[in-house]
Amino acid sequence: MALSEFQLFRPKTIQSAVALLAQHKGDIQVLAGGTDLLPSMRQKLFAPKYVLDIRGVEELKRIRVLAGGGLEIGALVTLSQIEDSEFIRRNYPVLRKAAMTIASPILRNMGTIGGNICLDTRCLWYNQSYAWRTSCGFCIKKDGSLCHVAPGGSKCWAVFSGDTPPALLCLGAEIEIAGPGGTRRIALADLYTGLGDTRLKIAKDEMLTRVFIRESMSGYRGAYQKLRVRGSIDYPLAGVAVIVKSSGRHAPVQDAKVAITAVNPSPMLVVGADHALIGRAVDEHIATVVGELAARTAKPLTTSALTPEYRREMIKVFAKRAVLEAAAG
Amino acid sequence: MKKELIELRVNGRIHELAAEPNKLLLDVLRHDLGLTGSKRGCDDSSCGACTVLIDGIPMLSCTLLAASCQGQEITTVEGVAEHGGLAAIQQAYGRWGGAQCGYCTPGFMMTVKYLLANNPDPSEEEIRNALSGNLCRCTGYEQMYQAIRDAIEAERKGLAASSR
């Protein structure tokens with residue numbers, strides 16, 4: 001399927017990229033790795049007048065260890081670069097484990113961390129060809145007024161399907177957003193709205209530029225588990241990230257975080273999971289309790305080919321397995 | 001839509017051509033440059049038949065704008081042959097029947113080229129993982145794994161050089 005017509009910009013700096021965003025606000029789409037946007041443009045989910053190809057902004061392609069400690073990851077760093085980073089493997093293993101499960105090795109060479117954070121939400125009724133969507137009378141997220149997932153409702157339940165954001169939420173990551181007035185820095189947790197259609201709190205003339213992880217979050221052991229239909233291609237249909245800090249396998253947990261993805265319109269930290277884990281040595285029972293907390297946070301609906309019941313159950317199973325894996329180091 | 005002049009470096013040669021901004025790299029390679037080795041398979045970035053190397057790294061040419069690839073080195077299956085002869089991996093695919101219908105083969109070639117360039121002695125698991133983004137509908141994976149092992153062996157013994 002052909003892409004709709006557009007004019008292409010290829011800025012070399014953040015400043016010129018942001019100026020173009022401001023100038024063509026609403027009619028312009030940011031293109032980085034292209035693995036999310038271009039297939040969607042083929043399906044006519046987007047038909048922007050302008051496309052802003054930021055692949056030429058060199059300063060956003062770096063992973064940088066900061067002088068005062070901590071890590072800065074440019075938005076254009078590819079998922080393969082994350083996977084290959086020895087520093088990330090050693091200090092923030094949960095991020096590497098999540099990144100290396102994304103799509104296929106070839107797609108990880110293209111897809112970026114910024115794109116994974118800003119990923120469009122997905123739904124069985126949305127990620128379809130124009131002809132397919134026409135035959136169903138469209139949906140609330142695109143071109144229509146009806147939600148096929150929750151008929152009668154006015155909320156879009158399309159699911160956030162990024163794998164790195166739950167890992168980054170566990171690590172308390174912050175992001176830098178560039179706009180016409182300069183840059184602002186917010187917690188990643190504050191980026192997401194919880195709505196399937198207007199998923200990000202980011203203005204039309206802004207773009208994500210960097211991710212920051214504090215040094216104090218290094219040294220946590222981590223695990224990431226996910227469910228998908230085809231093991232080397234598909235988006236997750238349920239995903240769980242876990243980080244645990246302790247002095248050894250059977251030592252009491254000093255700190256822990258659990259986050260889930262692909263079962264809500266945004267990635268979510270599992271409230272209470274840290275309290276369930278802190279101060280105790282991890283065993284089957286505690287891992288099961290965390291699994292139940294995670295399943296309670298998950299609100300899967302009929303947005304995919306797998307049933308919501310199965311996905312919720314798998315969140316429970318994967319959370320338990322991920323807790324045991326992280327604790328075992 | 002207005003065409004724009006773009007400059008692409010493909011298999012070591014520079015091509016100047018006029019293309020619409022929405023034109024995919026795969027279409028420019030096949031239609032404008034006559035390099036029909038790269039194939040359109042799924043058209044939704046899941047099969048790998050269109051895989052090419054961009055600055056040495058495998059990417060999907062069906063999911064790249066041609067104009068975005070200016071200034072980068074593009075390698076297609078037509079650029080895999082070495083010194084006018086088949087590369088070791090191409091010879092090994094021939095010996096082991098690594099290509100059945102052949103449609104997915106150019107994409108696999110590019111992935112294997114990258115794998116062996118970066119990891120000359122991959123384990124079985126590393127081979128399978130590296131190839132997991134390319135699909136073969138003939139399901140002839142086993143012959144491909146054998147061909148890759150054979151090519152590694154041939155390189156090691158220097159057979160590739162002597163058979164040219």
Side-chain angles (χ1 to χ4, degrees), chain A residues 1-12 29 31-43 45-56 58 61 78-81 83-84 100-111 115 127-129 228-235, chain B residues 1-4 6 19-27 31 40-72 107-108 110-112 114-115 118-119 122 126-136 141:
Chain A
M1 274 172 282
L3 299 176
S4 60
E5 297 185 2
F6 54 80
Q7 190 183 334
L8 183 68
F9 298 119
R10 301 176 69 219
K12 298 271 182 248
Q29 284 284 337
L31 173 77
T35 55
D36 189 23
L37 181 66
L38 292 181
S40 292
M41 280 179 68
R42 283 210 185 106
Q43 297 179 323
L45 294 170
F46 298 97
K49 247 193 235 170
Y50 306 94
V51 169
L52 186 71
D53 173 4
I54 56 170
R55 287 159 43 100
E58 290 297 325
K61 295 182 178 175
T78 65
L79 299 163
S80 295
Q81 277 176 274
E83 189 178 348
D84 293 342
M100 64 194 285
T101 68
I102 296 169
S104 70
I106 304 174
L107 286 161
R108 293 199 290 278
N109 290 338
M110 306 171 72
N127 299 98
Q128 300 288 352
S129 69
R228 52 181 171 169
V229 177
R230 297 172 295 181
S232 70
I233 298 164
D234 288 315
Y235 285 94
Chain B
M1 191 177 6
K2 224 176 96 193
K3 289 187 175 183
E4 282 167 27
I6 61 170
E20 295 87 354
N22 68 349
K23 200 142 184 190
L24 298 167
L25 177 61
L26 177 64
D27 293 323
H31 302 155
R40 166 165 275 124
C42 62
D43 208 21
D44 72 356
S45 65
S46 35
C47 81
C50 66
T51 306
V52 298
L53 302 186
I54 306 289
D55 286 340
I57 296 173
M59 297 193 188
L60 301 174
S61 61
C62 79
T63 309
L64 283 166
L65 299 177
S68 292
C69 300
Q70 295 181 83
Q72 293 182 293
F108 269 100
M110 305 319 291
T111 303
V112 174
Y114 171 76
L115 168 69
N118 289 278
N119 184 359
E126 285 169 333
I127 294 174
R128 285 173 185 249
N129 183 44
L131 267 55
S132 64
N134 293 80
L135 301 187
C136 168
Y141 297 101

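Lettering follows sequence order; numbering is per chain, from 1.
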Checking heavy-atom separations under 4.5 Å from chain A, one finds in residues 55-65 of chain B Ile57(B), Pro58(B), Met59(B), Leu60(B), Cys62(B), Thr63(B), Leu64(B), Leu65(B)
Between Ser68(B), Cys47(B), Gly48(B), the one whose heavy-atom pairs under 4.5 Å with chain A are most numerous
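It is Ser68(B).
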Between the CE atom in Met100(A) and the CG atom in Asn129(B), the distance rounded to the nearest 0.5 Å is 7.0 Å
Atom pair CG/OG of Asp36(A) and Ser45(B) - distance to nearest 0.5 Å |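 With rounding to 0.5 Å, CG (Asp36(A)) is 9.5 Å from OG (Ser45(B)).
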Going by the rule salt bridge (charged side-chain N to carboxylate O under 4.0 Å, His left out), which residues pair with Lys12(A) if we only count those two or more places apart in sequence or in a different chain?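 For Lys12(A), no residue satisfies salt bridge (charged side-chain N to carboxylate O under 4.0 Å, His left out) once neighbours in sequence are set aside.
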For [X], which atoms come within 4.5 Å of any heavy atom of chain B: side chain, backbone, both, or neither?
X	value
Leu8(A)	both
Leu31(A)	side chain
Ser80(A)	neither
Asn109(A)	both

- Query: Is there side-chain contact between Lys2(B) and Glu5(A), with at least one heavy-atom pair below 4.5 Å?
  - Reply: no
Does a side-chain heavy-atom distance below 4.5 Å link Gln70(B) with Arg10(A)?
-> yes
**Study point:** Residue pair Asp44(B), Arg42(A): steps toward the salt bridge (Lys or Arg N to Asp or Glu O under 4.0 Å) verdict
**Key:** CA-CA 8 Å; Asp44(B) 72 356; Arg42(A) 283 210 185 106; over 6 Å; no
Whatever's closer than 4.5 Å to a heavy atom in chain A on Ala67(B) counts as both
The ring pair (Phe, Tyr, Trp, His ring centres under 6.0 Å) partners of Phe9(A) (sequence neighbours excluded) come to His24(A), Tyr50(A)
Residue list, side-chain contact (heavy atoms from CB on, under 4.5 Å) with Thr111(B), at least two apart or on another chain =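 Once residues adjacent in sequence are excluded, the partners of Thr111(B) under the side-chain contact (heavy atoms from CB on, under 4.5 Å) criterion are Ile106(A), Thr51(B), Leu131(B), Asn134(B).
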Counting heavy-atom pairs under 4.5 angstrom with chain B, the leader among Thr35(A), Asp234(A), Leu107(A) is Leu107(A)
Taking every heavy atom of Ser232(A) against every heavy atom of Ser132(B), the minimum-distance pair comes out as OG-O, 2.6 Å
